[in-house]
Asks: 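Dropping the structure in here first, questions after.
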Amino acid sequence: MSFGGGTLLEYVSAPVWLLTILGLLAVVAIVDRAISPAIRSITTARRERAVERLNERLAVPIAPIKLVGRKALISQVILDPAVQSAIAAEVLQSGKSARFVEAQAQHYAREIVPAFSTALYFKVGTKIARKLSTALYRVRVGASDITALQGIPPNASVVFVINHRSNMDYILVTYLASRSSALSYAVGEWARVPGLAGLIRLMGAYFIRRGSGNQLYRRVLARYVHIATASGVTQAVFPEGGLSRDGRLQPARLGLIAYMVADFDPSGARDIVFVPVGLNYDRVLEDRVLVTAAAQVELGQKPRFGFRLTTFLGFVSRMIAGRVLGRWYKNGYACVSFGKPVSLKAYMTNKRIDFRTLNDVRRTAAVTELGATLIGEIGSAVPALPVSLVAAVFIAAHGQPISALELKASVARLIATLQASGAQVYVPRADDDYAVDVGLRMLMLRRLVVETVGLYAVVKGEERLLAYYANAIAHLLPTIEHSDNSNQFNQP
């Protein structure tokens, strides 16, 4: 190379593969530094405008924390002082490295924290929920205290507390609440299915390991629930903790509720308002599985809830064939009632308690009392439907055949007794006789009740399943007596 005077021509050669790599790196840099930020800015602005429009029509607006990136929310949970203390305690107790224990906590947080998508929830999820609910049932909304529901403070954290009768509960409540808010559910291990889990998480649900004794996991879960509740996320909780196997309302299992109230400040700006929701169905799709599980427990066996693909496909094929041939009968009525909201601030003021100042024993007792109160409110909201009414009369008959006239008279007395006690009763077409016809037809189609020479009786071996439906309203009518082939229903 010459540095003397004159024109200097230099040629630099390089392999084609190196130029290709450099070109690709340049494209990636342009995309990362210029195009991607511009796209994110545009999509974020569009999403924010969409959420603003959506919040204008929702009774309970979507909490801003639901729109925070999932990674940021996971970091917020992990960096929470209580979680950091739990990590330090686990390191001391287990002797494992701090890095290993923190990785465990990160794994738990990623497992729990949802990734909410407004588009998926409202444009896909709620539409599927509506179509599936109305395809399977005649969906009805029972009584609700509209004035009390409208009186919930706009900045309150709303928690729908619901009795758990079927896995359809998630779908039905999502459909009926879609005009009010976007709900965040706690779902168990059943939903952690490859492919399905991601979709459920995008719908705003968060996964929990029921009955986990791992203290670090419990602390991570507790802090997520606390952060979500304190940030105003609308949640839906099933206090019973699982599906009722005998049809009766079960005592509250208080894990999630305890996490919500543990650090609640009654003098703070945001209240927690529990809205009781009572569900009932003329047919629970899993009823035989649940009843069988209850029988297994009575025999000291471990209940099995195995999913049978053949059974599921058989049900779907019968449904499709019935609709094509015009012979499809919906599974009766599904009804949802909303009870009187329970303000946690008002509750704590009336009880003169502060969960933050109680020791473990007294806090457990106080949360148990709160749980019993919520279960009582839920029970009051559970509507009595035709199948439950007719089933209750047959159970009260203790196996004795009943004529159509006796059946209608007994159901009419039962309805009057329930209504006099303030219970919610859904009577289709406001016609007691029609309600009996609907309930009896469903039981006969399912071969739980048979007619012989004008008398109706329970099919032998189906008593337990019939009792399952009668038990749905057992808490509304504690005493059901039968004597001299005439049913007398008494409410103490």
Side-chain angles (χ1 to χ4, degrees), residues 140-145 148 160-166 169 172-173 238-240 243-252 274-284 287 290-291 294 332-342 371-398 407-428 430 432 435-436 438-440 442-443 464-482 487-492:
R140 300 291 184 269
V141 177
S144 59
D145 192 334
F160 291 90
V161 283
I162 314 166
N163 65 311
H164 205 3
R165 290 195 51 84
S166 169
D169 297 347
L172 184 63
V173 175
F238 299 97
E240 295 168 283
L243 297 175
S244 173
R245 297 172 187 170
D246 61 3
R248 294 180 182 273
L249 198 61
Q250 305 298 305
F274 297 99
V275 178
V277 180
L279 301 175
N280 202 1
Y281 301 86
D282 272 338
R283 180 181 181 182
V284 173
D287 54 6
L290 294 168
V291 167
Y333 291 92
C335 188
V336 181
S337 292
F338 296 86
K340 184 177 180 180
V342 177
T373 298
L374 295 178
I375 286 292
E377 294 294 334
I378 293 169
S380 298
V382 172
L385 296 184
V387 166
S388 292
L389 294 167
V390 174
V393 170
F394 277 109
I395 293 301
H398 301 298
L407 181 61
K408 291 184 176 182
S410 296
V411 169
R413 285 195 294 270
L414 176 55
I415 291 173
T417 301
L418 289 168
Q419 291 176 334
S421 68
Q424 308 296 337
V425 183
Y426 179 74
V427 180
D432 290 359
V436 174
V438 169
L440 185 59
M442 175 64 69
L443 295 177
R464 183 184 287 270
L465 188 56
L466 202 68
Y468 171 87
Y469 286 97
N471 286 342
I473 59 172
H475 62 282
L476 299 174
L477 197 71
T479 303
I480 300 180
E481 298 177 348
H482 172 78
N487 295 279
Q488 303 295 326
F489 299 91
N490 303 309
Q491 175 79 34

Asks: side-chain contact (heavy atoms from CB on, under 4.5 Å) with Leu249: which of Asn471, Ile473, Leu476, Ile375?
Replies: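 Exactly one pass, corresponding to Ile375.
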Asks: Please report the C-alpha distance between Phe274 and Thr373 in whole Å, then the side-chain angles of each, then the deciding distance to 0.1 Å, and finally whether the side-chain contact (heavy atoms from CB on, under 4.5 Å) criterion is met.
Replies: CA-CA 11 Å; Phe274 297 99; Thr373 298; over 6 Å; no
Asks: Say whether, by atom type as modelled, one donor and one acceptor occur between the side chain of Ser388 and the main chain of Tyr469 under 3.5 angstrom.
Replies: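 Yes.
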Asks: Can you tell me how far CG of Leu279 sits from CG of Leu385, rounded to the nearest 0.5 angstrom?
Replies: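 With rounding to 0.5 Å, CG (Leu385) is 10.0 Å from CG (Leu279).
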Asks: Taking all heavy atoms of Leu389 and all of Leu418, pick out the closest pair and write down the distance.
Replies: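 The answer is CD2-CD1, 3.7 Å.
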Asks: Kindly write out the residues that satisfy side chain to side chain donor-acceptor pair (under 3.5 Å) with Asp432, not counting sequence neighbours, or none if the list is empty.
Replies: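 Expected list: none.
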Asks: Which pair of heavy atoms, one from Gln250 and one from Glu240, lies closest together, and at what distance?
Replies: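 Answer, listing the atom of Gln250 first, then Glu240: N-OE2, 2.7 Å.
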Asks: State, to 0.1 Å, how close Tyr426 and Pro386 come at their nearest heavy-atom pair, and which atoms those are.
Replies: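 Where Tyr426 meets Pro386 most closely, the heavy atoms are O-CD, 4.0 Å.
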Asks: Do Arg165 and Phe238 meet the cation-pi criteria used here (NZ or CZ under 6.0 Å from the six-membered ring centre, within 45° of the axis)?
Replies: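 So Arg165 doesn't make the cation-pi contact.
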Asks: Quick one: sort the Phe338 and Phe160 rings into parallel, tilted or perpendicular, breaks at 30° and 60°.
Replies: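 Rings of Phe338 and Phe160: perpendicular, as their planes differ by over 60°.
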Asks: Closest heavy-atom contact between Gly142 and Cys335?
Replies: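 Heavy-atom minimum between the residues: N-SG, 3.6 Å.
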Asks: Among Val277, Val161, Val275, Val342, which residue meets the side-chain contact (heavy atoms from CB on, under 4.5 Å) test with Glu377?
Replies: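 Among Val277, Val161, Val275, Val342, the one meeting side-chain contact (heavy atoms from CB on, under 4.5 Å) with Glu377 is Val342.
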Asks: Check side chain to side chain contact (heavy atoms under 4.5 Å, CB included) between Ala334 and all other residues, then give those that pass, not counting sequence neighbours.
Replies: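 With neighbours one apart ignored, the set is Tyr137, Leu172, Tyr281.
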Asks: Can you measure from CZ (Phe394) to CG (Leu407) and round to the nearest 0.5 angstrom?
Replies: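 Here the interatomic distance stands at 5.0 Å.
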Asks: Output all residues satisfying side chain to side chain contact (heavy atoms under 4.5 Å, CB included) with Val382, sequence neighbours left out; order by chain, then residue number.
Replies: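 Val382 satisfies side chain to side chain contact (heavy atoms under 4.5 Å, CB included) with Asn163, Asn280, His475 once adjacent residues are dropped.
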Asks: For the residue pair Ser244 and Leu290, what are the closest heavy atoms and their distance?
Replies: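 Residues Ser244 and Leu290, closest heavy atoms: O-CD1, 3.6 Å.
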Asks: Within this structure, what is the CD1-CG distance for the pair Ile162 and Leu374, rounded to the nearest 0.5 Å?
Replies: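 Rounded to the nearest 0.5 Å, the CD1-CG separation comes to 12.0 Å.
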Asks: If you measure from CZ on Arg464 to CD1 on Ile395, what distance do you get to the nearest 0.5 Å?
Replies: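 So the gap between those two atoms works out to 11.0 Å.
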Asks: Grab the two heavy atoms, one from Gly339 and one from Ala381, that are nearest each other, plus how far apart they are.
Replies: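 The pair with the smallest heavy-atom distance is N-CB, 4.0 Å.
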